[in-house]
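Here is the structure we will look at, set down as structure tokens.
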Amino acid sequence: MSRGTGADDKDGVGGEPRFVGRRTVRARDVAVGGDAPGSALAPGSRVINHSTVNNVLPEVPWPLRVGAVPPLASSFQPRPSLRSLVEAARADGQDVVLAQPAESGRVLVGEGGVGKSQLAASYYMDSNADLAVWTTAMGGTGQLLADFAEAAARIRVPGVYGEDDQADARALLEWLQATDRSWLVVIDDVEDLDQVLDWWPRLHPRGWVLATTRQRKALAAGRTRVDVDVFTEAEAHDYLHQRAPGLPDHPGTCNDSRCPAASIASLLGRLPLALSHAAAYLDNNRDITPAAYARMLAEPGRMLADVLPGDGADGYARAVHTTMLLNLDAVQAQEARPGLARAILDTVARLDPNGSPATLWTNPEALAALTGPGPRRWQRLSRPRTFRAIPRAIPGLSGVHADQIRACLLLLDRYSLTTHQPSSGNGGLGLVRIHALTARAARDTTPVKERHPLARRAADALLALWPGHGRDPVLQQTLRANATALHESTTSALYQPDAHAVLFEAGTSLGQTGQVTAARDYYSNLTDTTTQHLGRDHPDTLTARHNLVRYRGVVGDVQGAVDEFAALLIDRIRVLGRDHPDTLSTRHNLARWRGVVGDVRGAVDELAALLIDQIRVLGPDHPDTLSTRRCPGPRGARGPTCPP
């Protein structure tokens, strides 16, 4: 898997039409109806390069649902008091047309684990709107843009080419403003409300936005805040009785704190997430009485003292730590392979809580990266110089079989520690989800010596799943979200002993899907972090600089790209030598961008000199050598240096 240091024309950025997942031809190459020269069209056919294609665009299947909505929990509590507030907000504002709420969106706020996403998911599932979109803004707008672009493609929004998520997402917003169809957009887990401001659909008589966030700040006009708190006493008791049949007290009849349900609810602060752990434990361990479980909760110090430093968890977080460890103990008592459940939970906890690909645990190469014996040579990287040893094996994962993993994932699901969401019929991915607070609890209680190898192996597994150029944009976005989450949860590990290749793959995939501005910004940040962790002259820092300069040129700063490539060339010669493949790659890109700014003759001369050195160092058949051989000579409007 390349770190993206080769010639620009390998990326396909701005190059020839290519397959990008949602379509195989450019929409602008398609003529609907009419006649092609020398051919007759059947009714409903289209002309693509003068060839007839029948039944390419079926009717949009209204109502349409887009996005990976999390499943509702067992014994989901409808929470009528909160619903009345949401409905009141929707109905408020007499200057809004008909059923349109006074505000364009409602933001559900509160502590993590209180059920914001569950409440939002219930609205999504109950919606009778023509279009319902579920997306997330956790970790930025990447997933939001991808889901909006997917929705735009599936409803045939004019001007959507499937090449640039930002452009396609903007087209969806325009369609939402102009359509007479009803719609609902749910934006889950917004970390920064200001960041999604530009992508928030505007007021519309037949559409509304529902978002969830932990952020507490002044809201923009047209949005009402509904605070989501923990369960009421009645909701907590109802939930426990529905999830864990056999409790001796019944809802509404036991208000004494000595009653098991009331005691458990009180000890856990009526936090829905912690209660889900408790209910799953009681449901799967009928020999443990609720009173005994309450006594276990009342003495958390004996379980947490050895794994949590000082006040490492308090309040709701401590409750989740306690219930998670109790459930994990129960899972480990039933697992066939000792240590497997802990290893899986620790791995999933370092990835995107909104969903890591289920294929991480079934794909042979990804599974080998997670479970194979180390050290061994990692064969996915394109250049021999970048081969490196995989970290040592994780206890519980070494040599494990796929069927053992499947059984353990089912156990973790039964105990509400993770949730497995199967793939949908419309091409959606199978996902393994974990609540952010459960993930935090798992990370906090992971032995320190295991944290670095876990992060490196998880990164290797993501890299093994990464598709090639132009494939499956949904998977690419999911993998980028997981790489980002892994980077945020275990930053230092991904820079020891070097910058992991998955960091470069994530940035390059942005460019491959047309998000060149995002790719430039990504590599700007990566350049800073590699400099901080590895130093200015480390080869990985130079590679990050190379990609940053390349995308600066692609987004329009052509002269800046020439100047920066010239400076980078000096550093690469000093650090790596004149004949290093990365030095040759920088010479190639510098020549090409000089051609773009108008120095065509100089670019051709530099490429001719480079070709001699590449044949000597790399050989005549190396891809970089062949790329340079294609560049000199007339290329029409693209120029003799084949710029991007």
Side-chain angles (χ1 to χ4, degrees), residues 69-83 110-122 125-126 228-298 300 316 319-331 333-334 341 345 409-421 433-438 441:
V69 60
L72 290 181
S74 300
S75 305
F76 167 73
Q77 297 297 300
R79 311 190 76 171
S81 60
L82 288 176
R83 286 181 171 273
E111 297 293 334
V114 295
K116 301 183 304 297
S117 297
Q118 285 284 292
L119 186 58
S122 70
M125 295 177 182
D126 292 342
V228 179
D229 206 343
V230 297
F231 279 159
T232 65
E233 287 187 9
E235 289 170 340
H237 295 179
D238 284 344
Y239 179 80
L240 286 173
H241 281 282
Q242 292 172 30
R243 284 288 312 274
L247 284 172
D249 55 307
H250 298 282
T253 64
C254 180
N255 297 317
D256 192 320
S257 60
R258 291 172 296 179
C259 294
S263 180
I264 292 171
S266 176
L267 287 167
L268 297 179
R270 303 197 307 275
L271 183 68
L273 174 61
L275 288 170
S276 74
H277 290 166
Y281 186 97
L282 291 170
D283 188 36
N284 287 284
N285 295 272
R286 300 297 178 88
D287 57 326
I288 302 295
T289 67
Y293 183 80
R295 288 194 296 271
M296 296 165 67
L297 292 177
Y316 293 151
V320 174
H321 279 75
T322 305
T323 55
M324 185 211 74
L325 288 172
L326 282 172
N327 285 24
L328 183 58
D329 284 346
V331 170
Q334 301 175 49
L345 186 65
L409 283 170
L410 287 174
L411 270 175
L412 291 169
D413 194 308
R414 281 173 51 193
Y415 278 86
S416 295
L417 295 176
T418 63
T419 302
H420 178 228
Q421 183 173 349
R433 296 178 181 269
I434 185 172
H435 193 281
L437 271 181
T438 305

NE2 of H237 to CG of L275, rounded to nearest 0.5 Å, is 9.0 Å
Where do T322 and L268 land on the side chain to side chain contact (heavy atoms under 4.5 Å, CB included) test, with the steps shown first? CA-CA 9 Å; T322 305; L268 297 179; 5.8 Å; no
Could you tell me which non-hydrogen atom of I288 sits nearest to which non-hydrogen atom of L282, and how far apart they are? O-CD2, 4.0 Å
For Q242 and S75, work out which heavy atoms get closest and say how close. CB-OG, 3.2 Å
Quick one: OG1 on T438 to NE2 on H277, what's the gap to the nearest 0.5 Å? 3.5 Å
Kindly compute the distance separating CG (L297) from CG (L326), expressed to the nearest 0.5 Å. 6.0 Å
Using distance alone, with no hydrogens and no angle criterion, decide if Y415 and N285 have a side-chain donor and acceptor under 3.5 Å apart. yes
Where V69 and Q421 come nearest, the two heavy atoms and their spacing: O-NE2, 3.0 Å
Please tell me if the side chains of D238 and F231 come closer than 4.5 Å, counting only heavy atoms from C-beta onward. no
To the closest 0.5 Å, what do you measure between CD1 (I264) and CE (M296)? 10.5 Å
How long is the span from the CG atom in L240 to the CG atom in D283, to the nearest 0.5 Å? 11.5 Å
Do you know the tightest heavy-atom contact between L119 and P78? CD1-O, 4.2 Å
Do H435 and L273 make a side-chain contact, defined as non-hydrogen atoms from C-beta onward lying under 4.5 Å apart? yes
May I have the step-by-step check of side chain to side chain contact (heavy atoms under 4.5 Å, CB included) for N284 and R414, ending in yes or no? CA-CA 8 Å; N284 287 284; R414 281 173 51 193; 2.8 Å; yes
Excluding sequence neighbours, so at least two apart, what forms side-chain hydrogen bond (donor to acceptor under 3.5 Å, both in side chains) with Q118? none
Heavy-atom side-chain contact between P71 and T419 under 4.5 Å: yes
What are the two closest non-hydrogen atoms of S416 and S276, and how far apart are they? OG-O, 3.7 Å
d(L412 CG, L328 CG) to nearest 0.5 Å is 7.5 Å
Any idea which heavy atoms bring T323 and A274 closest together, and the distance? CG2-O, 3.8 Å
Does the side chain of R79 pick up a donor-acceptor pair with the side chain of S122 at under 3.5 Å? no
Backbone N or O of V230 within a donor-acceptor pair of the E235 side chain at under 3.5 Å? no
